[in-house]
Amino acid sequence: MKKFLSILLCAALAGSCVLAGCGSSGESKPQESTASAASQTQDGKTTADPAEGLTPAASTDKYRNVYQIFTQSFCDSNDDNIGDFQGIISQLDYINDGDPAKGDDLGADALWMTPIMPSDSYHKYNVEDYYNVDKDFGTLEDFDKLVEECHKRGISVILDLVLNHISYKNPLFLDACEEVKQGKLDDKAKYFEFHEPGYYGDDVKTIKVGDYVCEANFSDTMPEWNLGAEETKEEFAKVAKFWLDRGVDGFRLDAIKYFNNKHTDGVAFLKWFVDTCRGIKPDVYLVGEEWSDDAEIVDKYASGIDSLFAFRFAQSSGEIVQSMSMNKGAALIKKFVSYDKKMSEANPEYINAVFLSNHDQVRIANALEGKGVEAEKFAANVYMLVPGNSFTYYGEEIGMTAPATDADKWYRLPMVFDSDNLPKITVDGASGTEAPKFGGVKQQLADENSLLNHYRRLIKVKLSVPAIARGRITGQVSFDDAEVGAYTIEKDSEKLLVIHNFNASAEKTLTITDDMVKNAQVIADFLGSSDAGHLAIKDGKLTMPALSSVVIGSKQ
Ligand code: CA
Ligand code: CA
Ligand code: CA
């Protein structure tokens, strides 16, 4: 009975969420195809949408369009100004309604949630209990419901898992501290990086416990696990099984750069964890945060991990935004080609993980501010058309900006579902979410030319042309124009040509030849405005407007 009541209560709260804080995405009229079926042709441009005949199909493998949410900032179901599981459930139909061919959903088919385990911080990267969820977000029962509702819609669930460090309040660590204070290092202390003072050099941060120190690179409240200890591995195998058995589809592994230390081979540890997870769930998806240069990413790919975030292409200082600023399309593609070559040598099965920003970086709309919605659409084209998995940080698809850039909390403000009904969630004391310049979800769904509808189109095309995500980049295509970036993707016998015009004001007329793609035809175009008509190849020529992208394939 109690259970039944709580389900009723949850349902009521989930319903009120739409009215109270999160706004509604379900009230707007579905915006299906944005094209008219007209066929007026002029200078190789046509108004017929080349993507109109495409049929999106749900993904059943690891290749996904991932949507990242900062768990406490997405949607609050009970007016305590903290986002929660029931809030997320109430908005799942916005992320994906379960029918790839219909609806006004974004279409993303995987969800990465920042940590959900009990913690005294709002971000919860310092875990107090690896076998539970934070009460701010709900109960384990709510979490199970969230997983069930995601799976119903074809959304896989990726949990953020912190294996490098722990909360200093975690009972296992507290017990270890008691022992260490008594000079005992052969029991619980073995789980953590306790050593004699001076064991580490000055470049490694530590905290003092009794006569010993414990490695703590991130914060005094985040001491580090000893990843070289068998005891730790046994514990982590249990943690992985606990969540995978609950239906979780994969993990985003935090801070794996710090898996290496004076006595631990981080790659060997990572390989052990990857193998352990696959032993529990053979099709588990694992993506790691190795925020460093290519050489270290290559090292970590040798572990067999599916994906590592391609940080060099992300954020305002990253190569996508920088290449856009300098119109250097060809140079950027050269970097993507060389990155792909390096990583696929390290792990032939690797799945690239490209993104524009995440919870640790200023929002991408800040980096592109003043360049117009066309620039935000173009940045989306560039990263989402790279083979592999795309990671979209919640709010990126509606152009949310951070109101300040002096602290992480500003990059984590609540999602705006309705700009006439702003959410009240506070983030580490930060509030005052502003309406995005282009409106919230509700407003943008009603606007054919919105950034949100552009993201929806990108995902729809990717779900219709599986080779985009699943193929390999097989080479750069040169048009003797530094402002044009182009590459071929091949998957089995299928060959695609992706072209981006990086110039923000000038169109480009390009010659498409048979050695690029035989019997070339435009499969889909991605333009700054759908009012501009659509692209077609005419007499071997393709004219691309400023900041546009195109996917070309062979005529059947
Ligand atoms: Ca709440
Ligand atoms: Ca749908
Ligand atoms: Ca470490």
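Starting from 1, each residue takes its place in the sequence as its number. All figures in this text were calculated on a predicted structure; none of them were measured in a lab.
Every side-chain hydrogen bond (donor to acceptor under 3.5 Å, both in side chains) that N164 has, sequence neighbours left out, goes to E224. Under the rule for a side-chain contact (heavy atoms from CB on, under 4.5 Å), the partners of A407 that lie at least two apart in sequence or sit in another chain are K409, W410. Applying the side-chain hydrogen bond (donor to acceptor under 3.5 Å, both in side chains) criterion to S73, with sequence neighbours excluded, gives no partner residue. In terms of the side-chain contact (heavy atoms from CB on, under 4.5 Å) criterion, residue partners of N81 (sequence neighbours excluded) are, by chain and number, D76, K424, T426. K281 is linked by a salt bridge (charged side-chain N to carboxylate O under 4.0 Å, His left out) to nothing, counting only residues two or more places apart in sequence or in another chain. Residues forming a side-chain contact (heavy atoms from CB on, under 4.5 Å) with N261 (at least two apart in sequence, or on another chain): E193, Y200, E215, H263, T264. With sequence neighbours left out, R470 forms a salt bridge (charged side-chain N to carboxylate O under 4.0 Å, His left out) with D61. Remark: S338 engages K342 in a side-chain contact (heavy atoms from CB on, under 4.5 Å) (not counting sequence neighbours). Shown here are the side-chain hydrogen bond (donor to acceptor under 3.5 Å, both in side chains) partners of W112, two or more places apart in sequence or in another chain: D160.
For the ring-ring contact (aromatic ring centres under 6.0 Å, His included) test with F355, the passing option among Y393, F309, F313, Y67 is F309; the others fail. Between W225 and the choices Y258, F273, F269, Y130, the ring-ring contact (aromatic ring centres under 6.0 Å, His included) rule is met once, by Y130.
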Check the pair E494, K491 against salt bridge (Lys or Arg N to Asp or Glu O under 4.0 Å), reporting the backbone distance first and the verdict last.
CA-CA 5 Å; E494 192 174 357; K491 166 93 178 110; over 6 Å; no

Between K341 and E345, does a salt bridge (Lys or Arg N to Asp or Glu O under 4.0 Å) hold up when you go through it step by step?
CA-CA 6 Å; K341 184 169 184 287; E345 277 168 11; 3.2 Å; yes

Show your reasoning for whether salt bridge (Lys or Arg N to Asp or Glu O under 4.0 Å) applies to K190 and D186.
CA-CA 6 Å; K190 287 162 88 177; D186 59 352; over 6 Å; no

Given side-chain contact (heavy atoms from CB on, under 4.5 Å), test K300 with V267 step by step and report yes or no.
CA-CA 6 Å; K300 289 282 181 6; V267 178; 4.3 Å; yes

Determine, step by step, whether F259 and W272 satisfy the ring pair (Phe, Tyr, Trp, His ring centres under 6.0 Å) criterion, reporting the C-alpha distance in whole Å, the side-chain angles of both residues, the deciding distance to 0.1 Å, and the verdict.
CA-CA 12 Å; F259 285 6; W272 168 83; over 10 Å; no

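A donor-acceptor pair is defined here as one N or O able to donate and one able to accept, closer than 3.5 Å; such a pair exists between the side chain of D109 and the backbone of N65. Remark: the backbone N or O of P118 is not paired with any side-chain donor or acceptor of N132 at under 3.5 angstrom. A side-chain donor-acceptor contact under 3.5 Å links Q444 to the backbone of I398. Under a 3.5 Å cut-off, the side chain of T71 and the backbone N or O of T114 do form a donor-acceptor pair. A distance-only check finds no donor-acceptor pair linking the side chain of N352 to the backbone of V354 [under 3.5 Å]. Side-chain atoms of N260 come within 3.5 Å of backbone atoms of G266 as a donor-acceptor pair (strictly under, hydrogens ignored). Looking at R363, its side chain never comes within 3.5 Å of a backbone N or O of A402 through a donor-acceptor pair. Side chain of E397 to backbone of G395: a donor-acceptor contact under 3.5 angstrom is found. Checked by atom type and distance alone, the side chain of D105 never pairs as donor or acceptor with a backbone atom of D93 at under 3.5 Å.
Among pairs with a residue in residues 254-270, those fulfilling salt bridge (charged side-chain N to carboxylate O under 4.0 Å, His left out) read R252-D254, at least two apart in sequence or across chains. Counting only residues at least two apart or in different chains, salt bridge (charged side-chain N to carboxylate O under 4.0 Å, His left out) contacts with residues 110-127 comprise D120-K169, K124-D134, K124-D136. For residues 301-310, every residue pair satisfying the salt bridge (charged side-chain N to carboxylate O under 4.0 Å, His left out) rule, not counting sequence neighbours, is listed here: K62-D306, R278-D306.
To the nearest 0.5 Å, atoms CH2 (W243) and CG (D249) are separated by 13.5 Å. L111 contributes atom CG, which lies 7.0 Å from atom CG of L146 (distance to the nearest 0.5 angstrom). Remark: C150 SG to I155 CD1 distance equals 4.5 Å, nearest 0.5 Å. How far CG of D187 is from NZ of K184: 4.5 Å, rounded to the nearest 0.5 Å. To the nearest 0.5 Å, atom OH of residue Y168 and atom CG of residue N126 are 8.5 Å apart.
The minimum heavy-atom distance linking G138 with V133 is given by the pair O-CG2, 3.5 Å. Looking at every heavy atom in both residues, D84 comes nearest to N78 through OD2-OD1, 3.3 Å. Residues E179 and K188 share a closest heavy-atom pair of OE1-N, 2.9 Å. Contact detail for G83 and F137: the closest heavy-atom pair is O-CD2, 3.4 Å. The minimum heavy-atom distance between P414 and Y394, with the atom names listed, is C-CE1, 4.2 Å.
Counting only N and O atoms by type, the side chains of R64 and Y285 include no donor and acceptor under 3.5 Å apart.
Contact of the I489 side chain with the V498 side chain is registered, since non-hydrogen atoms from C-beta on lie closer than 4.5 Å. Under the 4.5 Å side-chain criterion, counting only non-hydrogen atoms from C-beta, M384 is in contact with Y455. Side-chain contact check for L385 versus I468: some heavy-atom pair is nearer than 4.5 Å. For the pair C75 and I88, the minimum side-chain heavy-atom distance is 4.5 Å or more. Counting only heavy atoms from C-beta outward, the side chains of S167 and M222 never approach each other to under 4.5 Å. Taking 4.5 Å as the limit, some side-chain heavy atom of L452 sits within range of a side-chain heavy atom of R456. Residues V298 and Y339 are not in side-chain contact: their nearest non-hydrogen atoms beyond the backbone lie 4.5 Å or more apart.
In K233, the NZ atom is crowded: over 12 heavy atoms of neighbouring residues, nucleotides or ligands sit closer than 6.0 Å.
By the 30° and 60° cut-offs, the orientation of the rings of Y199 relative to H195 is parallel. Taking the six-membered ring where tryptophan is involved, the planes of H165 and F218 are tilted, since the angle between them lies from 30° to 60°.
Taking a cutoff of 4.0 Å between a charged side-chain nitrogen and a carboxylate oxygen, D408 and R412 qualify as a salt bridge.
For the pair R246 and Y131, the cation does not sit on the ring face, since its NZ or CZ is not both under 6.0 Å from the ring centre and inside 45° of the axis.
In this structure, F194 has its ring center at least 6.0 angstrom away from the ring center of Y212.
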